[in-house]
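To start, the structure itself, in structure tokens.
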Amino acid sequence: MILMQLTCCAVLFPLIGFLFNGLIGRKIKNEGIVAAVGCAAVGAGFVVACIGFFRMLGLPPEQRTLTLDLFPWIVAGGFRADVALQLDQLSVVMMLIVTGVGFLIHVYSAGYMHGDPGFWRFFAYLNLFIFSMLTLILADNFLLMFLGWEGVGLCSYLLIGFWYDRKFEKGTTGDAAKKAFIVNRIGDFGFLTGIFLIYVTFGSLRFQTVFTQAAAMTVGTPVLLWITLALFVGATGKSAQIPLFVWLPDAMAGPTPVSALIHAATMVTAGVYMVARCSVLYALAPVSMGVVASVGAATALFAATVGLVQNDIKKVLAYSTISQLGYMFLALGVGAFSAGIFHVMTHAFFKALLFLGSGAVIHAMHDEQDIRRMGGLGKSLPITYRTFLVGTIAIAGIPPLSGFFSKDEILWQAFSRGSWVLWLAGFAAAGLTALYMFRLVALTFQGEPRWEKGVHPHEAPATMTLPLIVLALLSAVGGFAGIPHSLGGGNAFEQWLEPVFAPAAEKLALSLPQVEIAEYVLMGLSVAVALAGWYLARMWYLKRKEIPGLLVRKLPNAYRVLLNKYYVDELYEGAVVKPAVRGSELLLWKGIDVNVIDRVVNGIAQITAAAGRGLRLTQTGVVQSYVLVFLAGVVLIVGWLLVK
Amino acid sequence: MDIPLPYYLCLSAALFVVGVAGVLTRRNAIVVFMCIELMLNSVNLALIAFSSFLGSITGQALVFFAMAVAAAEAAVGLAIVIAIYRNKQTVDIDAMNILKW
Amino acid sequence: MSPSMSDLTAIAPLLLVAGTALVVVLVDALAKRNRILGPVLTLAGLAAAMTFALPALGDAPASAAFGGMIRTGGFTSFFTLVFCVSGLLSVLLSMSYIETMVPGKGEYYALILLAVSGMILMAAAGDLVVFFLGLELMSLSFYILAGFARGRMTSNEAALKYFLLGAFATGFLLYGIALVYGATGSTALAGFPSRTGGLQQPLLLLAGLALLMIGLMFKVGAVPFHMWVPDVYEGAPTTVSAFMSTGGKAAAFSGFLIIFTPALLITQPALRDVVAAVAAISMVAGNVIAVTQTSVKRMLAYSSIAHAGYILAGVVAANPAGSNGVLFYLMSYTLMNAGAFGVVSLLENPDGSMLTFDECAGLSRRSPLVAALTAVFMFSLAGVPPFAGFFGKYYVFAGTVEAGFTWLAIVGVLMSVVSAYYYLRLVVLMYFNDQPGGQAVAVRPFGLAAVIVAAIALIGFGIFPSILLGLTARCF
Amino acid sequence: MEQHILSLILFTPLAGALVVALLGRDASRLIKTVGLLFSLVALGLSVWLFLVFDGSRGDMQCIEIIPWIPALNVSYHVGIDGISLLLIVLTTFLTPIALLASWESVTVRLKGYVALMLLLEAGTLGVFMALDLFLFYVFWEFMLIPMYFIIGIWGGQERIYAAVKFFLYTMAGSLLMLVAIIWLGSYAASLPGGAFTTDLLRLYAIAPGIPMGIQIWMFLAFTFSFAIKVPIFPLHTWLPDAHVQAPTAGSVMLAGVLLKMGTYGLIRFCLPLFPYATFRFLPYLAGLGIVGIIYGAFVSMVQPDIKKLVAYSSVSHLGFVVLGIFALTEEGLQGSVIQMINHGLSTGALFLLVGMIYDRRHTRLIKDFGGLAKPMPVYAAFFMIVMLSSIGLPGLNGFVGEFLILLGSFRSSFLGSPWYAIVASTGVILAAVYLLWSYQRIFFGKTEHPEDQALPDLSVREIAVLVPIVLFIVWIGVYPGTFLGKSAASTKQLIHRIEETRRGSFAGASLEPGHEILPGERR
Amino acid sequence: MESLVFFFLAAFAVTTAVLMVLQRSPLVSAIYLIANFFALAALYLLLRAQLLAVLQIVVYTGAIMVLVIFVIMLLNLGDEARIHPRIAIRTWVTLVLAAGFLSEIAYVFSLAGTPAEGTALAGGAESLGTVESMGGALFGKFLLPFEVTSLLLLAAILGAVVLAKKKG
């Protein structure tokens, strides 16, 4: 039907934009055309997504899954994977987020990247990213999804390393980009293994086939455990969960719009999407569910603690992202798939907003990112400040902004379906979130200016502020899509997604959510803890600024551990990277290759030559020694013959 | 009483081996050549012995040819020795070792 | 008994070659000044002999002449062809080369012709007596040819060493003939050696065969009877080395084939094992020692020892593939080794010093043609397709494997790798080394022509080996 | 004409070499043009071949048999199936590119160079076409000669060592194969009513009946030869030397085509001729393939020289191919076939790229570069695409091959364990590590070396060399069906045959192990 | 009687041969060799090979050995130098090898006489070695070899001429 053709076009537009900007963008000296093409390609996608959404609304829920087979991709032996698209409720939500937020960020970038020599390149990459992301979420089979999955990783790589000649922390942006790609690849290794297992188990990679077959299986089938765990490894890589989160903080080396789009709003949620997509499989593997939930909760708490002490505006947001992603997995792990996706959406709004806001700050401060050298920017950047504040409140989970609804849903589900431990972790993380986010606001926008002389912060141009405003609006009201029953809402969002997760829900034997007293209690607790965080932040960073210093002195070790992100990078460096490099060089290359194998090979040649040198000495030049050898030969041969 | 064939043959073998030993121990090229002549002669003895004991003329004819060969070899060999002597003033074969290894 | 006409036609090539030798001697004596007449006559004589040999190539069944002294037929003709080719190439190479050492020597060409006569006699022999005489005629000529550059110490020394060792080996060969004669009562090769008459003493026969074989192994230069080869090939005038290492070796192998026939070797497995062992040791020793040589000529000498080993492997096979392989190998070996020595003769210093590897450095710059030809010979010697050398090896090893001597084939191929190293070393220096300078290439149109012909033939036989294989198959 | 199309393709470069050889030494432009023209004609012919080839048939097509050496029962017997077809097209595709790549960098002895390149092409084509083991061997060895000269004359500092090592290494292996070929021929002769033959199709019929004890040795001899060529760890050490020293075009041909001869040989000969030995050894070979994947990647990672890095990466990539072959599944085999093509394209292109920068800077050490993305953005872009293809990014060609190989080995009942595939998958990570790291060091960062700052970007000729490769990189990545479809039937047939053999229903497969005869004992 | 003659001749031949080898003067060696050849000629007679016995004297002793002595005197060759101690090892090896070879051959020969033919001369042996018989053979059956010897001698002549000629 026409909608799928349109969807197909929506996928292709960014690709065309990429090709256009990538191939001839350099020749076009006009930023306007480049930006227009780039934005239009995404904007068109958003329009299609909207059309799709509304058309879908008009269909009965069971007919809302649409597919379009384009052409066979890889066919070999019994294996077949097509290039085919599938649009269903889940995809369309993701598509809306990706194209919508993406469009805003494109617009923002036109201002942010103004004057950059790589302007065309930036838009090309962004478009390629949107293309890959759309492929990821619209794929109708695992392999095509993997294509998008890798594609977004590539774009992430390209964009992190966009300013390839800049330094970043201890290394360069290139280091960060490489790290992102490689860590993602480790995850992909898991994903790929999962794909193999799926193919071996189900004989197909099509979602519909796989999930239909899986639905007929019993809970606890071992192979499903392995499949889901393998897939989850992929998800931890892409969505920066323990233990593969290390790349995301470094990914902040990229331009800020990139951080907003890729490393906050869209790509990093691909893992969430993937797990949600495979909800049936997970539902059949309770152990995996537990793993997902635990990892999510741990990551949420862990990243939040690290976020507390970071001084780089983007780093704080990065850890916050990791933390929020942890929430999403927590939700998935307890079976609250739609809550997870809901958080994906609200998070996309407010985290994009926060990043873009931070971008505006960085822009204003001429690439200064250290919040210790900011302060009091609220006056110079009123729009940025206000929108940023909206985002902060949203992420802190203070009602009625969007973050409250999604986060609260997750915490409640964690408590009711998971365990109180999971809830407690999420609860603590929620408090920490509020604390570090308001710390950020306090240090950046409030208090006294601490920047150096000669810096004159100024508000960003309209291309940048407009998206901020739009996103602030969305952050504010986005949550209303999913007002829980307990608050009198119908949880429209959950209902919308309900058919997608129905098979999983069936397996998990989930009943319809019941309104309980406990829910209100927990809701109150989480609001309270958020407010407490806000209060603490105000206390420590605006009123009594000596307290943080005091804490640092009191708990120097704890502080150092947090500041250095639990030394995970150092651990990986020391335990994996260094030994691998040294081992490869000294043991494998110079050891085995050069000193063993080649020495054996050359040794054979040398032995031959040495034998030759020795044997040629028998040729003394004296006739009689020749005769002697002759005679010896005769005696030997005749003797041997006679003995025989 | 006839002498049995093995007697002749063993004599021939003895002479042959003496010739061989001579070739190996003497250093004068001409003497070495003479030792080779002794070897050939010992073979001739064996051939004639076989010929006579088998009643076949072939052996003796072969000895005839062997003699011709020996004569020709003598001519050539001595010519070579003379050529060397002209260049090197010696016929000591241990001195002939430019070509080696 | 007076020879009939058919007897004479049977030995027509021999008569032509020997007759030409006499004519050359006479011409040399009468027309002292004319330096070109001798070689031209020689070439004509050899060519004529070849044409007379050609018609008989297809005759499979060997017929006898001179009361069984001579065998005619494909085998003889094929070898006659090989000898004439070897002779022709050597004569072409020698023209103006030999002048640089000994001016105006018609005897040289006469001796080559006499040596060819000897070779033909060996291949055509129907009786050990004839074989012995042919062998001696050839050897004698070789002794003289080796010492032909009598002003050079190296040549003298080569001649003396060759002579003493050759005469010594003759002693063993003759002893072998004597013992075989004693055991079988005859020297005729027809029905050899399983016939009545003689003492019928198996050990006597075995010892005789062993000594006979040792004599032949000496002539082919197989280890441990090879010691003369490097010194003689190095010391002799290069064109003579070319001749000795090709025609001489081929003649000795013709002896192997007519005496140690497959039938004999199969009934004497011990003997066959000895040949196999000698073949293996020859391959190993020849190739391994050749690796360390610095003189090209000496390298070729050691390599010829190794090739003797390869060809012996064909003898060991004792089956049609092996025997045909020997024939094919000999023809291709004649072409490539004559070519290789020919190239050396073109590159050598006129002062008689040995051509070292280093002197070949950068040859491809100085003389691309000669370098390219050398490369062809080297690759062919190394046994790389599509040159004829490869097919020889292939055929020989095919026979060996078929006969169950797979280990010998494996030794052979491994040693081929070693050989490739030193053959390639020359190519490396010629092509990969850009040093300018070095010896200028002598301008000898005849010599160059010989080398070119050899190279073309190698490639031709390489791509269309059937030309030769069709002939060899009908030789037995 | 259509029935002689293979010969036409085969002899076009030969004729080209001949024509080039006849041209004057100084007419360099003419020489280059003529050489390129002939290689393009061969390309055109092979495209035609590609079009007329019937991909639905798994047997040999376009067969030509002309008796060649009747005495040895050897014929000029050529023919192709889908597997050879792809490799032939790859060869004819890469040759003009290689010629064009060296358009300016080769100035000395140009005539010989062009002629040798064409000879190399012909030799390689012959290897892929030959259906007679003898003919195959002739081409196999013959192609050593031009490659040897190309490395030795136009190579780098250590070219002599590299050329000789290359030659001897390969020859050592192939000569053992020669013995095995002969053995097979005589085995055929020893069968009732048989005759000495090296005809592949006839040997296919009888080879599975070879007793196990012998089959093992045959298999080892063949595999040893091919393993050197591939190269399979630990027989790979000639490769870095040869690659580093060879001129760019030589490396392109070496990596692009010549290495494939090894894997092709495994598919064409080892599997169908010695199925039982294959079953016996496949865990080890697959294991070696995996070792190669990981080992090659690790060693590649620490190479200071870009070319050496790419060379070792070949070890890693070819490891995948080997694994895919010995998975003995259709997916794995198809993956291996397409991966051979992929490797030819991407590694060939990498060598081209390395050559281009070497032409500019006369160094290949990574540490001598930095920040090249700024002065040479087009170059950086091409390098990026090719690198990503090599890494195996979905959507580009490398992924298709690696995925199928891993999938095939994952579900291979012959390997019997998914762990082969899982361990091999780590190679996917490692490829990213070493390539990205080197990319970062070369292209990212500040342009610190003064020489780098004014480097000219790619010329039109250089772009023209790379664009076709990139097109195919994307084509295969997006729509591999064009190529997979051609080889599908052939691989299917091969795997089917092997599975039949395992089930014991294949004719001649009933000889029990232990019932062994040696060639000498036959009579 | 005949055996007595045989043993005497055999002893004489061996003795002269050994003496020839042991001598350090080439001239004396040559004399011993000539003596040896005489003994051999006598043995030939014992074997009824009359023509060859004569030829042995005429060709070998009369021609070849005279030539040898002539050359020795022409070159005025003195005694051989003492054998170098290093090479003395070679002598011992020589002796061992020679003894080995002798025992091998002797072992073979010792078996050769067992059949009837080995104990007595063949019936026609008396007339076998006469000039008539030999002439018949050489110009009959062995005509070709006989003619070939002429080539052999031609080669020898050429060689002698080429090699021994003074430089110039």
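Quick note: numbers below take in every heavy atom, side chains included, and nothing from hydrogens, waters or symmetry partners. All figures in this text were calculated on a predicted structure; none of them were measured in a lab. Within every chain, numbering begins at 1; the chains are lettered A, B, ... in the order of the sequence lines, protein sequences first and strands thereafter.
- Interface remark: D:A488 contributes no atoms to any contact with chain A (heavy atom separation under 4.5 Å).
- Contact annotation: the side chain of A:D598 approaches that of D:K165 to within less than 4.5 Å [non-hydrogen atoms, C-beta and beyond].
- For the pair A:T172/D:Q440, a side-chain contact is recorded, criterion being any heavy-atom separation below 4.5 Å from C-beta on.
- Both the backbone and the side chain of D:V478 come within less than 4.5 Å of a heavy atom in chain A.
- Interface residue D:K446: backbone and side-chain heavy atoms are both found under 4.5 Å from chain A.
- Proximity to chain A involves both the backbone and the side chain of D:L406, based on heavy atoms less than 4.5 angstrom apart.
- Within the 4.5 Å cutoff, no side-chain heavy atoms of D:R411 are placed close to those of A:F196.
- When heavy atoms are compared at a cutoff of 4.5 Å, D:P418 does not approach chain A at all.
- There is no contact between D:Y434 and chain A, counting heavy-atom distances below 4.5 Å.
- A donor-acceptor pair is defined here as one N or O able to donate and one able to accept, closer than 3.5 Å; such a pair exists between the side chain of A:W73 and the backbone of D:G477.
- In this structure, the side chain of A:R185 engages the main chain of D:V428 through a donor-acceptor pair within 3.5 Å.
- Ring pair A:Y199/D:F410: centre-to-centre distance not below 6.0 Å.
- If you measure heavy-atom distances from D:W238 to chain A, you find no contacts under 4.5 Å at all.
- Of the two parts of D:L388, only the side chain, counted from C-beta on, holds a non-hydrogen atom closer than 4.5 Å to a non-hydrogen atom of chain A.
- Aromatic rings of A:Y164 and D:F443 (six-membered ring for Trp) have centroids beyond the 6.0 Å cut-off, not under it.
- Taking the six-membered ring where the residue is Trp, the centroids of A:F79 and D:F403 are separated by under 6.0 Å.
- Heavy atoms of D:S300 lying under 4.5 Å from chain A are absent altogether.
- Heavy atoms closer than 4.5 Å to chain A are found in both the backbone and the side chain of D:L393.
- Contacts between D:L407 and chain A at a heavy-atom distance below 4.5 Å involve backbone atoms as well as side-chain atoms.
- With hydrogens and angles disregarded, a donor-acceptor distance shorter than 3.5 Å links the side chain of D:Y295 to the backbone of A:D593.
- Pairing each heavy atom of D:P377 with each of A:R26, the nearest pair is CG-NH1, 3.7 Å.
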